[in-house]
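Note sheet for the following structure.
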Amino acid sequence: MLHEGLDRLSAPVDEESPPDLGALLMLVHNVQQAQRQELLRDLMRFLAVAALILSGGLWAMLQFPLYYLVTQGVLAVGLTIGAAVWQTEGRWISRE
C-alpha cells in the first residue's frame, strides 16, 4: 500500500517535460535587452544632469568669477574637514 502511494506521488513528476531550451534562451535575451535599455536610459539621465551642472558652473565662473572662486575655496575646505572628521570617526579618546 505504501509502495502504491509513492508511485502515485511520483507519477506526475515523471510526466512533466523539461523546459524548452529555445524559450529559456529567448527569455534570457529579452531580459538582457531590457537591462541594456534601462542602462542606456540611466546613462542618458546621468549625462544630462552632468551637462547641466557643468554648464551652470561654467556660466557662474564666467559671470561671477570672484564668487565662483570663493565658493570653490569654501567647498574645498569643507570637504577636507568632512574627510578628516570621517576618517577619525570612532577614534575619539574619551577623557574621564
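Heavy-atom contacts from other residues, nucleotides or ligands closer than 6.0 Å to CE of Met26 number 12 or fewer. Dense packing is recorded around CD of Gln63, with more than 12 heavy atoms of other residues, nucleotides or ligands lying under 6.0 Å away.
Side chains of Leu43 and Leu39 form no contact here, defined as non-hydrogen atoms less than 4.5 Å apart.
To the nearest 0.5 Å, the span separating CG on Leu58 from CD1 on Ile53 amounts to 13.5 Å. Between His29 atom NE2 and Leu24 atom CG the span is 13.5 Å, to the nearest 0.5 Å. With rounding to the nearest 0.5 Å, the separation of CG in Asn30 from CD in Gln35 is 11.5 Å. Separating the CG atom in Leu52 from the CG atom in Leu47 is a distance of 12.5 Å, to the nearest 0.5 Å.
In terms of hydrophobic clustering, with Ile, Leu, Val, Met, Phe, Trp and Tyr side chains grouped at heavy-atom distances under 4.5 Å, Leu69 and Trp59 are assigned to different clusters. Using a 4.5 Å cut-off between side-chain heavy atoms of Ile, Leu, Val, Met, Phe, Trp and Tyr, with links allowed through other members, Trp86 and Val77 fall into different hydrophobic clusters.
Closest approach of Leu62 to Pro65, counting heavy atoms only: O-CD, 4.2 Å.
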